[in-house]
Amino acid sequence: MTTKDYPSLWGFGTTKTFKIPVEHLDFKYIEKCADVKHLEKILCVLRSGEEGYYPELTEFCEKRLKGLAPGSRALRKDKPAATASSFTAEEWEKIDGDIKSWVSEIKNEENKIHFHEMETFPATEGNLPPVRGSNGRLHVSKEKYSNSRPTKKKIPRDYAEWDKFDVEKECSKIDEDYKEKAVVNNKSHLSKIERRIDTAGLTEKEKIFLATREKEKGNEAFNSGDYEEAVMYYTRSLSVLPTVAAYNNRAQAELKLQNWNSAFQDCEKVLELEPGNLKALLRRATTYKHQNKLQEALEDLKKVLNVEPDNELAKKTSLEVERDLKNSKPASKTQTKGKRMVLEDVENSEDEGGKDSRGKHEDGSGGKSKTSFLFWLC
């Protein structure tokens, strides 16, 4: 069939796919069209057969598209998987030889590993099952094998034993084991991270971004209860750019770890950068309280309450400090209780020459004077 034998497609609306006017599916239009994208859509519609099958029109569209864009994806065609018949005898012989040589190399490596294992584990009475795909056996001594096996837990076998089984105790053991493993893993993770960051060559904006990112990591660790990790990330942030927020946050993490002196130092740094910072004053008061410096703690708390009279934490801490102060005063008084004794006859009136340096005293005595002292004996 020639081009003239095909019926005209003018006036038939648009295609379902891509909404292309049907009149564009025409030899004359395709020949004049220079829009590669539009031609790709036309070719897709023609190949789908939704408007009918037109082999010559499809081939004409492919040639036109190939002339405009030889590398167009629409021209790609799926090829079937290659088989032995797809290659010549020489090509297939080379491919087959490469596969066989690769298989022989793998077998040689497996034999070397197997021979090494046989030397490592000497033969004894207790033998393990044979290695899959080999005729040999691995031999391990009973002592090593028995030591590596975990001890079996005693499981209740009847109702009487189940009554004696302490569920809470077993759960607490599991929780303790989990916490110990978590702490060990966390410490090993922290030991690999540097506490200081090299800022050589960084701009001011880059430093601010880096310090903020490390501080946010510390906040995440703090919210998760990993206070040691939080301290580490706050330290990294401060090594890039010392900020009030990072010092304040690290002080709070140190308080959680009960590192009172470190928390105090961070609060001091905050107050140097920003005098009157309420958070720093409140946290420094907490360190004073735990270091038994109650008067200093009360002074910091008063400063906080002067600015924020409704601060609940400051109120609560202030009441606790005042109560501790009251309890400490009677203790100091009881320590001074004792028996009063009068000691007299303390001579200290004459100088080295034997002359009276003070003259006559009021009591009329000329040379020596008696002075009375009171002592408290516990």
Side-chain angles (χ1 to χ4, degrees), residues 17-18 36-37 39-50 53 55-56 58-153 177-178 180-194 197-198 201 210 213 217 220 229:
T17 307
F18 300 125
V36 175
K37 295 291 183 184
L39 284 173
E40 287 177 349
K41 292 177 181 179
I42 291 173
L43 181 60
C44 182
V45 171
L46 290 171
R47 284 176 176 175
S48 67
E50 65 180 53
Y53 291 97
E56 292 184 7
T58 305
E59 186 179 355
F60 182 76
C61 185
E62 288 176 355
K63 288 180 180 179
R64 174 64 177 163
L65 184 60
K66 189 174 182 181
L68 294 173
S72 174
R73 290 186 177 184
L75 296 172
R76 298 177 186 176
K77 295 181 180 180
D78 295 333
K79 293 183 179 181
T83 60
S85 60
S86 305
F87 303 96
T88 62
E90 292 179 357
E91 290 175 342
W92 180 251
E93 187 178 352
K94 186 178 182 303
I95 293 169
D96 188 51
D98 291 341
I99 293 172
K100 287 178 179 178
S101 63
W102 176 76
V103 171
S104 62
E105 287 177 5
I106 294 296
K107 285 183 178 180
N108 291 333
E109 290 294 327
E110 287 180 352
N111 291 332
K112 287 180 183 178
I113 294 169
H114 174 65
F115 180 74
H116 176 69
E117 289 176 347
M118 291 290 290
E119 287 184 342
T120 305
F121 300 100
T124 54
E125 295 179 1
N127 296 332
L128 291 177
V131 178
R132 183 172 56 190
S134 66
N135 296 325
R137 289 174 175 269
L138 285 177
H139 305 280
V140 183
S141 62
K142 284 185 177 180
E143 293 180 0
K144 291 182 179 179
Y145 183 68
S146 62
N147 290 335
S148 63
R149 292 178 62 185
T151 56
K152 291 184 178 180
K153 293 184 179 180
D177 293 341
Y178 175 77
E180 288 178 2
K181 289 179 182 178
V183 169
V184 171
N185 293 336
N186 189 31
K187 288 183 178 179
S188 64
H189 167 67
L190 293 178
S191 62
K192 297 177 183 178
I193 301 175
E194 295 291 336
I197 300 175
D198 186 14
L210 190 57
R213 187 186 68 180
K217 288 182 184 178
E220 291 177 5
E229 186 174 350

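Given the structure is predicted, the values throughout are model-derived calculations rather than measurements. The first residue in the sequence is number 1, and the count goes up from there.
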If only atom types and distance count, is the side chain of N111 paired as donor or acceptor with the main-chain N or O of K107 below 3.5 Å? yes
Judged by atom type as modelled, is there a donor-acceptor pair below 3.5 Å linking the side chain of E109 to the main-chain atoms of I106? no
Nearest 0.5 Å, what's the [atom1]-[atom2] distance between [X] and [Y]?
| X | Y | atom1 | atom2 | value |
| --- | --- | --- | --- | --- |
| L65 | L43 | CG | CG | 6.5 Å |
| E93 | F87 | CD | CZ | 14.0 Å |
| K41 | T17 | NZ | OG1 | 11.0 Å |
| I99 | S104 | CD1 | OG | 12.0 Å |
| E40 | L68 | CD | CG | 10.0 Å |

How close do [X] and [Y] get, counting heavy atoms only, and between which atoms?
| X | Y | result |
| --- | --- | --- |
| Y53 | S48 | OH-O, 4.0 Å |
| A69 | L75 | O-CD1, 3.6 Å |
| S101 | D98 | OG-O, 2.8 Å |

Is E62 salt-bridged to R47, going by a charged N under 4.0 Å from an acidic O? yes
For the pair E59 and K63, find out whether any cationic side-chain nitrogen is under 4.0 Å from an anionic carboxylate oxygen. yes
List for me each residue that meets ring pair (Phe, Tyr, Trp, His ring centres under 6.0 Å) alongside F60, sequence neighbours excluded, and say none if there are none. F27
